[in-house]
Amino acid sequence: KAFVELRDVGKSYGNITALRGVSVTVRQAEVTCVLGDNGAGKSTLIKIISGLHRHDTGEYLVDGAPVSFGSPREALDRGIATVYQDLAVVPLMPVWRNFFLGSEPTRGWGPVRRLDVEGMRRTTDSELRKLGIELPDVDQPIGSLSGGQRQCVAIARAIHFGARVLILDEPTAAPGVKQSGVVLKYVAAARDAGLGVVFITHNPHHAFLVGDHFVVLRQGEVELNAPRAELTLDQ
Ligand code: ADP
Ligand code: ADP
């Protein structure tokens, strides 16, 4: 099912056209890979989807209704979560504390749960296990995890707090990621949990390992927009 849809979207920075006539659909339970060289418009595309920038022309629909988000907060309230490369985590705090960081009522993201420490530890552990992430101990400082593991914790956290679409910006190229396979495994797990995943990468091999749908941008335009089946038929 289509959850996020851009129709004929355009975006310029002054006299630089970053996107022109871009139509892209993100479906739930699918990994949509966005590929393209530097300057192709990948960042601009995800900034629009995540609410950091507004589109100039065309339409942006979420769950069938037109939107124009003024901030990432507004996008998040509609279930669109961006998992940033540089995770805003406090390295010395335990994994479980980072998992719940920013979920306080005043910040109001997702279902607010007033849990005791033991409850938060247990919830963190069980949410991570649902994605297949096995940590020996949720009390260890999050800084002691690998970059890949930290990213996976961030994915589990977004899902727990109600994300329906995850935007992953070059997750396999994030600092501290030694084994891209670890990250790809959790990208697939998020998809299998029913989320729509937007996977930005300039590594076609990584895209092909997990992608269900492929969008290639070139100089701000869509060069290719195809489901996996269409690409594999050409082999
Ligand atoms: P990518 O993420 O694929 O490298 P971008 O979306 O960052 O592509 O960039 C698309 C085009 O828009 C490029 O020509 C880039 O130089 C330009 N651009 C991006 N952000 C800005 C900005 N804030 N101001 C001016 N030009 C920008
Ligand atoms: P924003 O445009 O919302 O400030 P960006 O991350 O796109 O966020 O840009 C950060 C800053 O860097 C901005 O001041 C922007 O003008 C500048 N910038 C980014 N990319 C480019 C570019 N390709 N050409 C010129 N300026 C850029």
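Start at 1 and go down the list; that is how both ligands and their atoms are numbered.
- Lys1 forms no cation-pi arrangement with Phe3, by the criterion of a distance under 6.0 Å to the ring centre and an angle within 45° of the ring axis.
- Here's the thing with Gly39: one of its N/O atoms is less than 3.5 angstrom from an N/O atom of ligand 1.
- Remark: the His53 side chain and the Thr44 side chain contain no N/O donor-acceptor pair separated by less than 3.5 Å.
- For Leu45, no heavy-atom contact with ligand 1 is shorter than 4.0 Å.
- Looking at His206 and Thr172, their side chains do bring a donor and an acceptor atom within 3.5 Å of each other.
- Taking the six-membered ring for Trp and the full ring otherwise, the centers of His55 and Phe69 sit at least 6.0 Å from each other.
- Counting heavy atoms under 4.0 Å from ligand 1, residue Ile16 touches it through the side chain alone.
- Atoms of ligand 1 lying under 4.0 Å from any heavy atom of Asp37, numbered from 1 in the order shown and given with element: 3 (O).
- Near Ser43, with a cut-off below 4.0 Å to any heavy atom, the atoms of ligand 1 are 1 (P), 2 (O), 6 (O), 7 (O).
- Here's the thing with Lys42: one of its N/O atoms is less than 3.5 angstrom from an N/O atom of ligand 1.
- The closest approach between Ile200 and ligand 1 stays at or above 4.0 Å for every heavy atom of the residue.
- Checking only distances, Ala18 never comes within under 3.5 Å of ligand 1, N or O to N or O.
- Annotation: cation-pi geometry satisfied between Arg228 and Phe208 (NZ/CZ under 6.0 angstrom from ring centroid, within 45° of ring axis).
- Ligand 1 lies nowhere less than 4.0 angstrom from a heavy atom belonging to Gly36.
- With salt bridges taken as basic N to acidic carboxylate O contacts below 4.0 Å, one links Asp77 and Arg73.
- Applying the 6.0 Å contact sphere to CG of Asp37 captures no more than 12 heavy atoms from other residues, nucleotides or ligands.
- The neighbour count for Gln179 CD, taken as heavy atoms of other residues, nucleotides or ligands under 6.0 Å away, does not exceed 12.
- Per-residue contacts place Ala40 under 4.0 angstrom from the following atoms of ligand 1 (heavy atoms of the residue considered): 1 (P), 3 (O), 8 (O).
- Taking every heavy atom of Asn38 and a limit of under 4.0 angstrom, the matching atoms of ligand 1 come to 4 (O).
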